[in-house]
Number of protein chains: 2
Amino acid sequence: MPPVPSTIPTRRKRTGAPRQNNTRHILNAAEKVFAAHGLSGTRMNDIAEASNLPKANIHYYFRTKEDLYRATLKQLLDDWLGDASKWLSADRSPQEGLRGFIEAKMEFSRKRPEASRLFAHELLSGGRYVHDFLVDTLRKHVEQRTRVFKAWHEAGLMAKTDPVHFLFCLWAMTQAYADVQVQMAAVLGKPHLTGRDYATGTQTIMQMVSSLLPPSPPETAE
Amino acid sequence: MPPVPSTIPTRRKRTGAPRQNNTRHILNAAEKVFAAHGLSGTRMNDIAEASNLPKANIHYYFRTKEDLYRATLKQLLDDWLGDASKWLSADRSPQEGLRGFIEAKMEFSRKRPEASRLFAHELLSGGRYVHDFLVDTLRKHVEQRTRVFKAWHEAGLMAKTDPVHFLFCLWAMTQAYADVQVQMAAVLGKPHLTGRDYATGTQTIMQMVSSLLPPSPPETAE
DNA sequence: GTCTATAAGTCGATAGAC
DNA sequence: GTCTATCGACTTATAGAC
């Protein structure tokens with residue numbers, strides 16, 4: 001219960017509908033623009049145009065460009081981790097878990113390429129703004145996945161491999177389908193990747209991962 | 001022989017020793033700075049400081065920032081292709097060829113991380129400045145590697161896989177060791193990657209690739 | 001909360017002395 | 001060829017009317 005339920009509209013925190021709507025709009029637009037040009041390469045004007053608001057309004061909701069950048073990154077990092085802990089879990093089989101994980105990561109690259117690219121941009125620039133996320137959240141996350149891989153290995157369900165570098169490889173392959181999309185499309189001679197390209201990519205990655213799994217009967221044997 | 005071996009110093013093209021020295025210095029410095037911040041995020045001042053020259057001198061050798069950016073990219077693209085055609089060649093075995101290729105790519109990530117990152121930065125930003133390279137040079141390069149993979153497959157030396165996406169995966173994994181180095185180091189709890197980390201990475205990637213190779217006797221069986 | 005107009009500062013590029 | 005000093009365009013951020 002709020003301490004003073006008087007007739008005065010609760011003003012303790014600014015949570016009006018227009019505010020929520022606008023900040024959401026701005027953050028989405030900012031993700032796109034920051035993804036393409038990074039922090040220093042982005043102009044507040046571009047974000048203003050992308051969100052159909054006057055530049056001053058952006059500054060009203062986010063005091064500085066850096067504040068907006070931090071907020072944009074923040075909303076992205078949770079999504080980036082996604083369902084990893086759901087799929088890479090010891091109560092699943094490696095086949096099921098790895099397939100689910102790879103498909104989820106490919107889905108993220110397809111549906112939120114800008115989020116992936118913004119994270120990549122930040123890492124390329126030194127990762128100063130995600131340092132805490134990397135050494136706290138992400139490191140613990142990797143430790144937990146590591147335990148799952150080791151459990152699989154000890155149960156004889158998966159070949160022995162360096163679990164951390166294995167995860168690095170999975171990240172690298174799946175994120176490439178967002179980050180260097182333009183390179184892939186150019187090589188394939190297309191304006192952009194299609195659903196089939198993502199499917200073939202998923203298939204190819206699964207094939208590489210399968211080297212660590214024990215030989216299994218064909219999935220849909222007759 | 002020059003057409004006019006007179007006493008006048010040949011001035012047809014500007015090729016003096018100081019010029020060659022300075023341009024080389026500037027290009028090296030520019031690679032580092034552009035790699036971290038991209039074209040729009042880089043200040044000519046930073047390049048000037050990184051190359052220990054007054055800003056005006058940079059403009060003397062490269063008229064505009066964009067000219068310098070193009071020149072920096074140009075010197076990089078050849079190196080990026082590297083020895084690929086030497087290793088991924090039909091007169092090698094897949095084992096030997098893939099190992100050599102992966103080791104060469106990892107070596108590049110280790111020795112020239114800035115080159116890799118600058119290319120990544122450019123692709124993230126849309127790849128406008130490497131468009132011709134992508135659709136001409138790189139596309140032909142991929143077609144040739146594709147033929148090698150197919151030859152290996154038809155000779156029964158390698159499992160059937162999509163050759164282009166397979167190459168995408170190899171690029172992604174090896175370049176990650178340059179591009180997201182900062183993420184890897186943070187997860188591993190180190191200030192930077194060591195030689196052993198690159199070795200473990202190479203090993204892990206080889207392990208994943210081996211799923212496509214026929215079961216072979218242990219490399220150094222007794 | 002919204003938006004125009006502008007202040008304050010930064011950056012690419014060049015003039016011009018040496 | 002080298003380098004200082006500076007111009008002019010652009011960009012972040014804010015003041016202040018509505």
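Computed from a predicted structure; not experimentally measured. To find a chain, count down the sequence lines: A is the first, B the second, and so on, and within it residues start at 1.
Dashed line: the shortest gap from a side-chain N or O of B/Arg63 to OP1 or OP2 of C/dA13 is not under 4.0 Å. Regarding contacts with the backbone of D/dT12, every side-chain N or O of A/Arg43 stays at 4.0 angstrom or more from both OP1 and OP2. OP1 or OP2 of D/dT2 sits under 4.0 Å from a side-chain N or O of B/Tyr61.
Taking the charged nitrogens against the carboxylate oxygens, A/Glu143 and A/Arg147 have no contact shorter than 4.0 Å, which rules out a salt bridge. A salt bridge links A/Arg43 and A/Asp46; the closest N-O separation between the charged side-chain nitrogens and carboxylate oxygens is under 4.0 Å.
Taking atom CE of A/Met44 as the reference point, atom P of D/dC10 lies 19 Å away to the nearest angstrom. In this structure, B/Phe62 places its CZ atom 15 Å from P of C/dT14, rounding to the nearest Å. For B/His25 and D/dG1, the NE2 to P distance is 16 Å, given to the nearest whole Å. Straight-line distance from the NE2 atom of B/His37 to the C1' atom of C/dC11: 15 Å, rounded to whole Å. Between A/Glu66 atom CD and D/dT11 atom C1' the separation is 16 Å, expressed in whole Å. Remark: P of D/dT11 and CD1 of A/Ile58 are 16 Å apart, rounded to the nearest angstrom.
Proximity of the aromatic rings of A/His121 and A/His37 is defined here by a centroid distance below 6.0 angstrom, and this criterion is not met.
Under the 6.0 Å distance and 45° angle rule, A/Lys105 counts as a cation-pi partner of A/Trp80.
Here the nucleotide nearest the side chain of B/His59, chosen from C/dC11, C/dT2, C/dA13, is C/dA13.
Backbone-only contact: A/Thr42 has heavy atoms under 4.0 Å from sugar-phosphate atoms and none from a base.
In summary, of the residues considered (B/Trp171, B/Phe149, B/Phe101), a ring-ring contact (aromatic ring centres under 6.0 Å, His included) with B/Phe166 occurs for B/Phe149 alone.
Ring-plane geometry between A/Tyr69 and A/Phe34 is classed as perpendicular, the angle between the planes exceeding 60 degrees on a 0 to 90 degree scale with a lower cut at 30.
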Any protein N or O atoms within reach of nucleotides 3-6 of chain D? Criterion: under 3.5 Å, listing atom names and distances.
unit_1	atom_1	unit_2	atom_2	d
D/dC3	OP2	B/Asn57	ND2	3.1

